[in-house]
Structures are given as C-alpha cells and as structure tokens.
Amino acid sequence: MTEPHIPDDGAYHPDRVEAKWQARWSDRRTNEPDLDLAARPFYNLMMFPYPSAEGLHVGNVFAFTGADVYGRFKRLQGYQVFEPIGFDAFGIQSENYALKIGIHPGQLIPKSIANFRRQLSALGGMFDWSRSFSTTDPEYYKWTQWLFLQLLKAGKAYRKKAAVNWCPSCKTVLANEQAEGGICERCGTSVEQRLLEQWFFRITDYAERLLTNLDDKSKMDWSDRTITAQRNWIGRSEGAQIDFPIDGGEVIRVFTTRPDTIFGATFMVLAPEHPLVDRLTTKAERPAVEAYRQATQAKDVITRKVGEKDKTGVFTGGFATNPATGEKIPVWVADYVLMDYGTGAIMAVPGHDERDFAFATKYGLEIRRVVAQADEGSDSPLSEPMIEDGDCRLVNSGHFTELPTGEAFKGIVAWLEEKGAGKGVVNYRLHDWCISRQRYWGPPIPIIYCDGCGPVPVPEKDLPVLLPYIPDFHPDDSGVSPLARHKEWYYAPCPQCGKQGRRETDVSDNFLDSAWYFLRYPNTDFADRAFDRSRIEKWLPVTSYIGGNEHAVLHLLYSRFITMVLNDLGLVGFDEPFRKFRAHGLIIKDGAKMSKTKGNVVTPDEYIGKWGADTLRMYLMFLGPFEEGGDFRDAGINGPRRFLDKVWDLVSQCSRKTLIGDEVHHDVVVKWQQTKKKVTHDLEVLSYNTAIAALMELLNAIRESNCSERSIVKDLVVMLAPFAPHFAEECWEQLGRKTSVFDASWPTWDEALTVTADVEIPIQINGKTRSKVRVPRSATEELVVARALRDPIVVKFVSGKTIVKRVYVPGRLLSLVVA
RNA sequence: GCCCGAGUGGCGGAAUGGCAGACGCAGUGGACUCAAAAUCCACCGCCGGCAACGGCGUGCGAGUUCGACUCUCGCCUCGGGCACCA
C-alpha cells in the first residue's frame with residue numbers, strides 16, 4: 001500500500017491520515033506481536049462477530065472500539081497486546097438468511113466477511129489480521145470436530161432420544177437457550193416438542209464447579225450482572241428427593257425444596273409424559289387421561305409454559321402413599337408439572353405452594369395447613385397459600401409439630417433417609433447441552449453409524465469431515481439434516497470394520513464453534529494441533545474479554561464448560577478461560593436497542609466518510625459510560641471532531657516551535673498531572689467518557705493559559721492515542737517522532753504536583769454552603785475558622801448566634817452549626 | 001411474580017457522604033466577515049431581583065447525619081433478564 005499525500009494546508013484531513021496509518025500499520029506489522037517472544041503478554045479479546053450481509057452497525061462498532069481502546073491502552077503501558085478478530089460464520093442465522101435470499105451460504109459468507117474486514121479495518125482496530133479465521137474454515141472446524149471427539153472420549157458426550165424443542169419454521173431442534181419462552185429465538189415461531197436421537201454434552205456434571213468458580217475472584221474478575229445471570233441460569237436449589245410408594249413395589253420419586261411440608265402433601269401430580277402415568281391409570285380413568293395427554297402434546301410450548309396459568313389436569317385413579325403420614329393420596333396428571341425439571345413428578349402441598357393451591361381449589365382437593373406463624377393457631381384456615389417460612393413453625397406434622405421450619409427441614413430429611421424413603425439432594429435448572437442440529441450450515445458431527453459396530457467416531461487423522469457443497473440445503477420436516485440427501489457423502493466405510501456405514505447427518509450447534517475460538521487464535525500457525533501447550537500457557541486464560549451481556553448464559557457458560565473439560569483431560573492448565581470479563585452497554589437508537597430485527601441500525605460507513613473513524617470512535621466512547629451504553633444521535637458528533645481539530649492546531653504550533661510563553665503556568669502543570677492520573681484510572685475501569693472529558697479539560701486549560709508546553713502536548717497525544725489512534729500517530733510524527741506512538745510509554749505523573757498549593761474551603765452554615773475561603777492547603781482548622789469568621793457573608797449568618805458545633809474536614813470544608 | 005440495572009438542566013451525561021450539573025451538544029448575545037460558514041469571546045437549572053444576593057432543585061415519601069444524587073426503609077416509573085423450576 002502506498003501512503004496518501006497529506007495536503008499541506010494545515011487542516012486535519014481524517015481520510016488521508018487514516019489511510020496513511022492503516023497502510024503503515026499493515027506494512028510494518030505493527031499489530032502482530034511475536035507470540036513466542038512476548039515478555040508481557042496481554043490477550044485482549046472481544047466477541048467475534050457473526051458476519052451478516054448487512055455489515056456492521058454502530059452498536060457493534062461501539063463494542064469493538066471499547067475493547068480496542070483498552071487493548072491500545074495496555075499496549076501503551078508496555079504489554080505485548082494480542083488483539084485477534086475472526087468470524088462466527090456458521091449457524092442458523094447465516095443459513096436462514098441464505099435461504100431467504102436464495103444464495104448458497106458458501107457463496108454469501110465470504111462476501112459478508114470481506115465487507116466486515118473492510119469495515120473493521122476502517123475503524124482502526126488494533127487487530128492482528130495475520131491470525132484471523134472464520135469458524136467455517138475447514139482448518140478451524142477440523143478442530144471443532146476434534147473437540148467433539150475429545151468430549152466423547154472423556155464420556156462427556158452422549159446420545160439419547162429426547163423430547164427436544166422443535167421449531168416448525170426453521171425445521172430444526174433448538175437448545176433450551178434458543179427456545180426461551182417457548183419461542184424460537186431466530187424466527188419467533190412457537191416451539192413444539194419432538195422425540196429425536198440427539199447428541200448431548202454433560203454440562204450438568206459441571207454445574208457445581210461452574211457455580212463455585214463464580215465466587216473465586218482470583219480466577220474470575222467478571223461484571224456482577226454477568227455472574228448473577230449465570231448463577232440464576234444454573235439455578236441451584238437445595239431440597240430432597242422423596243419416594244412415594246405405589247402398588248406393585250414401585251415408587252414415585254419427587255424433588256422438593258420444601259421437605260418440611262411433607263405432612264401437607266395431600267396429592268401428587270405427574271407430568272403428562274411421566275413413565276408411570278400408564279401404570280397408575282385405572283381402566284375407568286384411562287380415556288380421560290389419554291385425552292389429556294394428547295391435548296398436552298398438541299399444545300405448543302407457549303400456551304403450556306407462558307400462557308394462562310390456569311391449571312388443568314386429570315385424576316389417574318391411582319394412589320400413592322405419603323411416607324410421612326402413611327396416607328393414601330390421589331395421583332393426578334397435570335401439565336403444570338414439567339418433565340424436564342426435577343423428576344417430572346411432585347408431591348403437592350396445596351397449603352404452602354401457590355400452584356398446588358390453585359389446582360387443589362379448582363378440583364376440590366384437600367388443603368392442609370402444616371406451617372403456621374408463631375402467633376397463629378395450628379388450624380386457622382388458609383385463604384391463600386402460605387409460602388414464607390421465616391419465623392414459622394410446623395403444625396399438624398406428627399412429632400415434628402412445633403419445630404421451626406428450618407430445623408424441621410433437616411429433621412424430616414434425616415428421618416426419611418433413615419426410613420429409606422428419601423434423601424437430601426441438590427437440583428439444578430441447567431440441562432445438558434444438546435448440540436445436534438438437523439441443518440446444513442455447520443460442522444458435521446464426526447460419527448459414522450455402522451450396523452455392526454454402532455456409532456463409531458471418525459478417527460482424528462481423517463478430520464475434518466468436510467461439509468459437502470450441496471445446492472439444495474433446505475431443511476425439511478423429516479427431522480433429518482439435508483446432508484442425508486447427499487448420498488456420496490452420506491455413505492462411508494465404518495472406521496472399525498470397514499463395512500459400509502452412514503455418516504451422522506447432524507451438524508453441531510453454532511455455540512460449539514464459539515465455545516473454544518479463543519483457544520485457536522494464538523495457534524493458527526499450527527496445522528497439526530488445535531493448540532500448542534506452550535502457546536496456551538503463555539497467552540491464556542484470556543487477560544481481558546469484552547462482549548455483550550446477551551451472551552451471559554449461552555456462549556460464556558459453554559466456553560467455561562469446554563475449558564473445564566479440557567482442563568480435566570489435561571489439555572489445558574486452567575479451568576476458567578476468561579480472567580476478566582466486562583459486559584458493554586447497548587447502543588440505543590429511537591428508544592430501542594440497535595439491532596437488525598428492530599430496523600433502527602446505523603452503519604458506521606457514512607460517519608467514517610463524513611467525520612473520520614477517529615471522530616466516530618471518540619464520539620461513541622464519549623456518549624455514555626461504556627458498560628451502560630447510550631443514545632446514538634447525530635447531534636453531538638461534531639463535539640469530538642472540534643476537539644480533535646483543536647488538538648491538531650495545538651500540535652502544529654508546537655512543531656513549529658512557536659511556543660507561546662516560555663513560563664509554564666502552575667495551574668496547567670497541576671491540570672496536566674491530574675489528567676494523567678485520572679485518565680490512567682478511568683481507562684483501567686473502562687470509564688471512557690470521563691477520560692475523554694478529562695482530556696478536553698486539559699486542552700481547555702492549555703488554551704486558556706496560552707501555554708503549549710511541548711511535554712504537555714506530547715502526553716496529551718499519547719493519552720488520546722487509544723481513542724483516536726490514526727490521529728495520534730500523525731500528531732506524534734508532527735512532533736518529530738520516528739516510531740509509532742504505540743511504542744511510546746504511557747505518561748506517569750508526580751503525585752505531589754496533582755494538588756494545588758491553595759485550596760478553597762466551602763463554609764457551610766447549618767448545612768448550607770454560604771461562602772468559601774481561600775487558604776493554603778496545609779492550613780490548620782484554627783486558621784480556616786479565623787478566616788471564615790472574617791468573611792462578611794459568614795458574619796451575616798453567625799452574628800448574634802452561638803456556634804454550637806463545628807466540623808472541619810481538612811482541605812475539604814468547614815461546617816458550622818449555629819443557634 | 002422473582003432477579004438485576006437505572007431515574008440528575010432543553011439533550012447526552014459528571015460528582016471517595018463534603019461547593020450538584022464536570023465535559024460535550026443544542027441555544028442566546030457579541031467579535032471577525034460585504035454576507036454566510038468556520039473560528040473566537042461571553043452567558044446558559046428554575047423562581048425573585050438592576051444587582052449584590054436570596055429561595056427552590058438530583059422520580060415520590062420518611063429516616064440517619066453538621067452535611068445525602070450518594071447510606072437505610074417504604075413506594076412510583078422505565079429498561080433488561082428469568083419465569084407453572086416444585
């Protein structure tokens with residue numbers, strides 16, 4: 001690339017400056033750290049984009065810029081910063097879009113990626129393009145498939161026939177996370193239930209570890225809201241599993257968080273899919289039960305899960321024995337009990353559970369009080385379920401009566417355990433991760449089914465199992481991936497016996513691609529392994545990760561899980577992949593989050609063209625706190641641009657050695673030192689808006705004092721560099737420097753010079769600030785009081801009254817209370 | 001319903017319990033200009049006042065404190081997440 005000519009009219013021309021420095025960075029490999037030699041490695045990661053055909057919008061730009069600012073700051077602090085970027089290009093989103101416009105994703109994606117690369121480069125990110133990849137590259141997904149085989153080997157991948165979320169529109173199975181609220185995340189259609197053979201990962205084996213690591217600050221310095229989201233998603237609850245015997249020696253096993261209320265369990269409810277429903281149903285009730293089960297199956301998930309909370313159900317005719325009371329209690333079937341949580345069966349305690357209460361009321365079942373407050377009678381009627389258990393005691397509960405609920409919980413669990421009827425258990429909301437997708441656009445799962453040998457993993461030496469090009473990649477509602485229609489690919493010899501077998505036609509979940517990409521970036525030069533142990537040790541865990549909180553429970557949880565498995569396999573030496581994670585805020589436009597689906601996107605291209613990338617970066621970082629986001633409006637972007645223009649003028653004055661005023665003013669020096677301190681601190685905590693404000697204040701101070709002292713201007717340029725990298729490089733060169741500004745060192749400050757010699761002490765009288773006095777910083781309380789009492793305003797408020805209280809905060813304020 | 005955030009000028013937003021409104025945008029007045037743009041200077045929370053100055057003011061109501069945007073309690077509103085999870 002050749003550097004453009006920059007006109008010598010003294011004005012700031014962002015387009016020329018940006019083209020010049022982008023060319024130079026590329027030519028000089030400025031952003032490509034030596035991964036083996038780095039002495040102070042800093043892995044600065046940001047969530048890689050899904051390359052949509054529409055290109056980046058300023059919401060994405062906001063996120064990438066914020067992460068880039070941090071990386072550039074760290075580089076200036078002397079770290080060798082590795083800032084990779086790639087493309088998360090497999091998945092249903094890409095495939096659906098390709099289907100919509102009728103272009104094969106294999107053709108569409110490279111174009112979208114090229115456009116993304118152009119846009120990302122134009123932004124001036126410190127990306128190491130030499131280590132970029134797309135998850136759709138066979139050199140990448142070869143290792144995604146390898147990863148699957150490692151999980152299989154470790155016993156963490158298994159196949160089972162399961163009721164899964166089926167989207168009738170996308171014609172595919174969805175992970176629970178993609179079917180939240182019973183609605184397909186991609187297309188908004190109601191999700192149905194279907195039984196299919198699926199591959200699962202045992203993420204639930206790691207539930208406890210995923211949870212406990214969240215508390216370990218040495219491993220995880222994460223945004224609190226992200227930690228909270230993960231904790232809620234894993235959904236740990238402590239309770240008990242209790243067996244209720246039925247005729248024939250079998251038991252109905254339930255999970256409950258309130259074993260202390262077992263004496264109030266007056267009936268039981270099974271999920272319609274529960275395997276014991278058949279056994280329990282009497283001849284007389286069979287037609288009704290069958291009808292109910294069918295009706296449930298036909299109901300889509302929306303009405304079942306989030307629709308009316310109106311309870312419905314039918315009596316099976318069967319009974320079970322409450323192990324606490326010995327009573328026979330009726331067993332019902334109702335769809336408010338879910339097969340996929342707990343055991344799919346509950347003991348219903350209508351007196352102390354909202355749902356059971358509603359159900360019992362509707363069907364006339366017995367409601368029994370077993371918990372009461374201290375001042376409540378043991379048989380006072382329940383007009384509504386009594387849920388709270390704090391400061392309550394048991395009633396009507398055999399020899400546990402009168403025990404506080406907390407004690408009763410333990411006592412009853414121990415008692416049941418002794419009787420062999422139950423035990424204390426922990427239950428999680430988290431489910432195993434279904435990774436099978438009956439789609440085309442993903443990495444084929446590397447398995448061959450053989451009639452003799454069963455499912456056989458594809459040997460690692462035969463990877464990748466290439467995704468074949470098939471013109472017709474439409475999914476159909478057969479529940480089988482389009483790959484099954486590609487016969488040359490579908491039939492393959494069994495790796496074990498050599499007889500003809502059939503390939504697994506499902507591809508893996510897009511989230512598997514992104515669950516390990518951070519491991520690949522520093523290892524793209526290794527063709528023979530997913531990652532190199534010494535590279536990994538040097539660069540991981542990721543030093544800083546910045547991304548959207550929409551991935552708080554999906555991507556981030558899966559990445560942690562995969563890392564733990566690799567750790568257990570001895571392949572990596574750590575079990576948490578991201579040492580520091582910060583969630584950025586959202587860019588709001590017209591009152592809504594900027595997103596393609598909302599149709600309120602703004603592309604960066606027009607702003608870069610009009611104002612320059614550096615101005616856009618500055619504006620985005622200035623418009624609000626990075627971790628909270630802000631409103632994007634056109635008005636306001638000229639502010640940062642004016643600021644850069646002024647700095648530009650200042651730098652040209654400096655470079656022409658037309659120093660105005662030889663004497664460095666004290667105020668400016670203080671401001672300068674204060675600014676260095678504040679900007680350093682603010683950048684560290686991602687408070688970019690206030691850092692920029694501080695730089696503006698320093699500029700204003702320089703201009704007001706007419707003191708363009710060279711060392712101050714130099715520091716200003718360095719501190720500006722993370723935000724406006726091209727601009728800062730050009731200024732740096734104007735100041736006579738030969739190397740990149742990013743090879744400069746971050747300014748340090750003299751703490752003693754960050755404070756002024758004199759201070760203004762506000763004087764509060766009865767809580768109101770009435771005046772202020774100017775005193776030396778070291779002034780004693782006596783001096784401040786003496787000065788204050790000479791102040792005419794203070795005199796006015798104090799005369800004729802007595803000072804009853806005096807509070808002096810040294811260097812801060814004087815507070816007087818008069819009466 | 002539950003769990004997180006957040007409510008501050010015309011706007012975006014600043015404030016370790018210590019001068020509320022930094023910084024910026026918009027606006028107003030002025031300088032420069034034939035004129036406009038750009039630039040520069042000044043003003044810029046609300047009410048009263050020529051002014052000095054005074055009163056009010058950080059969603060609402062209490063409280064703690066010499067002092068509260070900040071802490072506590074009780075509400076209201078908005079945004080986000082979870083949700084028949086036993």
Side-chain angles (χ1 to χ4, degrees), chain A residues 11 180-182 223-229 231-233 235 237 239 254-258 261 269 271 304-311 334-338 340-349 352-356 358-359 387 427-431 549-550 552-553 585-586 588 591-593 618-619 622-625 627-640 642-643 645-646 649 687 689-697 699-700 703 760-772 792-793 796 803-809 811-818:
Chain A
E180 287 174 26
S223 301
D224 285 344
R225 53 191 169 132
T226 311
I227 299 257
T228 306
R231 195 169 278 132
N232 292 342
W233 187 262
S237 31
V254 303
F255 172 74
T256 177
T257 53
R258 293 294 304 275
T261 62
V269 185
R304 178 157 175 196
K305 278 200 171 173
V306 283
E308 294 170 37
K309 308 270 177 178
D310 196 28
K311 305 281 177 292
D335 66 4
Y336 80 89
V337 173
L338 308 172
D340 62 3
Y341 183 77
T343 60
I346 60 157
M347 65 174 205
V349 184
H352 306 283
D353 180 278
E354 211 173 320
R355 295 147 302 175
D356 298 345
F359 193 78
I387 313 297
N427 198 45
Y428 300 93
R429 210 188 72 114
L430 184 70
H431 291 85
N549 213 37
E550 68 272 19
V553 288
L586 297 177
I588 303 299
K593 173 193 168 178
M618 293 276 296
Y619 172 59
F622 186 59
L623 59 69
E627 291 181 75
E628 285 165 40
D631 271 329
F632 188 89
R633 297 155 306 126
D634 283 12
I637 192 166
N638 47 347
R642 276 196 275 236
F643 169 69
D645 282 335
K646 288 177 197 169
D649 290 344
S687 184
N689 54 335
T690 54
I692 292 173
L695 294 173
M696 288 173 166
E697 283 186 60
L699 176 74
N700 292 344
R703 286 162 59 92
E760 278 205 321
I761 304 288
I763 313 298
Q764 286 185 0
I765 297 162
N766 288 352
K768 283 187 193 287
T769 304
R770 292 299 179 180
S771 186
K772 37 189 106 161
I793 298 170
K796 194 175 87 185
I803 295 170
V804 297
K805 181 153 187 165
R806 202 168 87 185
V807 178
Y808 178 64
V809 184
R812 276 294 199 181
L813 104 169
L814 176 66
S815 180
L816 303 173
V817 184
V818 299

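Everything quoted here is computed from the prediction, not taken from an experiment.
In this structure, A:Val337 and A:Val269 approach most closely via the heavy-atom pair CG2-CG1, 3.5 Å. Nearest heavy-atom pair, A:Asp356 versus A:Met347, reported as atom, atom and distance to 0.1 Å: OD2-O, 3.9 Å.
Taking only side-chain nitrogens and oxygens, A:Asn638 never comes nearer than 4.0 Å to OP1 or OP2 of B:rA38. For the OP1/OP2 pair of B:rU39 and a distance below 4.0 Å, the side-chain nitrogens and oxygens of A:Arg642 include at least one atom meeting the criterion. For A:Lys768, no side-chain nitrogen or oxygen approaches OP1 or OP2 of B:rA68 to under 4.0 Å. At B:rG24, one or more side-chain N or O atoms of A:Asn700 fall inside 4.0 Å of OP1 or OP2 (strictly under the cut-off). Residue A:Arg429 places at least one side-chain N or O closer than 4.0 Å to OP1 or OP2 of B:rA83. When the side-chain nitrogen and oxygen atoms of A:Arg355 are compared with OP1 and OP2 of B:rC85, one or more of them lie within a distance under 4.0 Å. At B:rG55, one or more side-chain N or O atoms of A:Arg770 fall inside 4.0 Å of OP1 or OP2 (strictly under the cut-off). The phosphate of B:rA86 has OP1 or OP2 within less than 4.0 Å of a side-chain N or O from A:Ser237.
One P atom belongs to B:rG74, the other to B:rC3, and the distance between them is 12 Å to the nearest Å. B:rU70 sits 30 Å from B:rG1 when the C1' atoms are compared, rounded to a whole Å. When the P atom is used for both B:rG54 and B:rC78, the distance is 40 Å, rounded to whole Å. Nucleotides B:rC11 and B:rC46 place their P atoms 11 Å apart, quoted to the nearest Å. Taking atom C1' on both B:rC23 and B:rC76, the two are 32 Å apart, rounded to the nearest angstrom. Going from the C1' atom of B:rA36 to that of B:rG24 covers 25 Å, rounded to whole Å. Across B:rU72 and B:rU65, the matching C1' atoms stand 12 Å from one another, rounded to whole Å. Straight-line distance between the P atoms of B:rC85 and B:rC19: roughly 48 Å, to the nearest whole Å.
In terms of position on RNA chain B, the residue among A:Asn427 and A:Ala693 whose nearest nucleotide sits closer to the 5' end is A:Ala693. For the pair A:Gly629 and A:Val817, both in contact range of RNA chain B, the more 5′-proximal nearest nucleotide belongs to A:Gly629.
How far OG1 of A:Thr769 is from CD1 of A:Ile793: 11.5 Å, rounded to the nearest 0.5 Å. We find the CG-CD distance between A:Leu814 and A:Gln764 to be 9.0 Å, quoted to the nearest 0.5 Å. Taken to the nearest 0.5 Å, the NZ atom of A:Lys772 stands 11.5 Å off from the CG atom of A:Leu813.
As a whole-Å value, the separation of A:Asp631 CG from B:rC25 C1' is 13 Å. Atom NZ of A:Lys796 is separated from atom P of B:rA52 by 13 Å (rounded to the nearest Å). In this structure, CD1 of A:Ile765 is placed 17 Å from P of B:rC66, rounded to the nearest angstrom. The CG-C1' distance, from A:Asn549 to B:rC3, rounds to 13 Å in whole Å. Rounding to whole angstrom units, NZ of residue A:Lys805 and P of B:rG18 are separated by 17 Å. Rounded to a whole Å, the CG atom of A:Leu816 is 19 Å from the P atom of B:rG18. We find that CG of A:Leu695 is positioned 12 Å from P of B:rG24, with the value rounded to whole Å. As rounded to whole Å, 16 Å separates atom C1' of B:rG80 from atom CG of A:Asp224.
In this structure, the nucleotide among B:rG54, B:rG18, B:rA15 sitting nearest to the side chain of A:Val807 is B:rG18. Out of B:rA86, B:rG18, B:rC23, the shortest distance to the side chain of A:Leu813 is found at B:rG18. Nearest to the side-chain atoms of A:Val337 among the listed nucleotides B:rA86, B:rG18, B:rC3 stands B:rA86. Considering only the side chain of A:Lys772, B:rC19 comes nearest among B:rA86, B:rC66, B:rC19. For A:Lys646, the side-chain atoms get nearest to B:rC40 when compared with the rest of B:rA14, B:rC40, B:rC3. Candidate nucleotides B:rC23, B:rG18, B:rG54 were compared by shortest atom distance to the side chain of A:Ser815, and B:rG18 ranks first. Comparing atom distances between the A:Asn689 side chain and each of B:rA22, B:rA86, B:rG13 picks out B:rG13 as nearest. Comparing B:rG13, B:rG24, B:rA86 by their nearest atom to the side chain of A:Pro625 picks out B:rG13.
The base of B:rC19 has none of its N or O atoms less than 3.5 Å from a complementary donor or acceptor on the side chain of A:Thr769. Evaluation of atom-type donor-acceptor distances gives no pair under 3.5 Å for the side chain of A:Glu354 against the base of B:rG1.
Pair check for B:rC53 finds B:rG48; Watson-Crick or G-U wobble, both atom distances under 3.5 Å. Across all strands shown, B:rA42 forms a Watson-Crick or G-U wobble pair with B:rU28, both key distances being under 3.5 Å. Base pairing annotation: B:rA15 forms no Watson-Crick or G-U wobble pair, as no partner gives both donor-acceptor distances under 3.5 Å. Pair check for B:rU65 finds none; no Watson-Crick or G-U wobble contact set falls under 3.5 Å. Checking B:rC75 for Watson-Crick or G-U wobble geometry (two distances, each under 3.5 Å) identifies B:rG59 as its partner. Pair check for B:rG1 finds B:rC82; Watson-Crick or G-U wobble, both atom distances under 3.5 Å.
For B:rG30, the O4'-C1' to base torsion is more than 90° from 0; the nucleotide is therefore anti.
Counting any heavy atom pair closer than 4.0 Å across all strands shown, A:Glu697 reaches sugar-phosphate atoms only and no base atom. Among the atoms of the strands shown, none is found under 4.0 Å from any heavy atom of A:Pro640.
Geometrically, A:Lys311 does not engage A:Phe359 in a cation-pi contact defined by less than 6.0 Å to the ring centre and at most 45° from the axis.
More than 12 heavy atoms of other residues, nucleotides or ligands sit less than 6.0 Å from atom CD of A:Glu760.
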Inset, instruction - Kindly indicate, with the supporting measurements, whether the criterion side chain to side chain donor-acceptor pair (under 3.5 Å) is fulfilled by A:Asn427 and A:Ser237. - result: CA-CA 5 Å; A:Asn427 198 45; A:Ser237 31; 5.1 Å; no

Legend entry - A:Tyr341 vs A:Ile346, side-chain contact (heavy atoms from CB on, under 4.5 Å): CA-CA, chis, key distance, verdict: CA-CA 10 Å; A:Tyr341 183 77; A:Ile346 60 157; over 6 Å; no

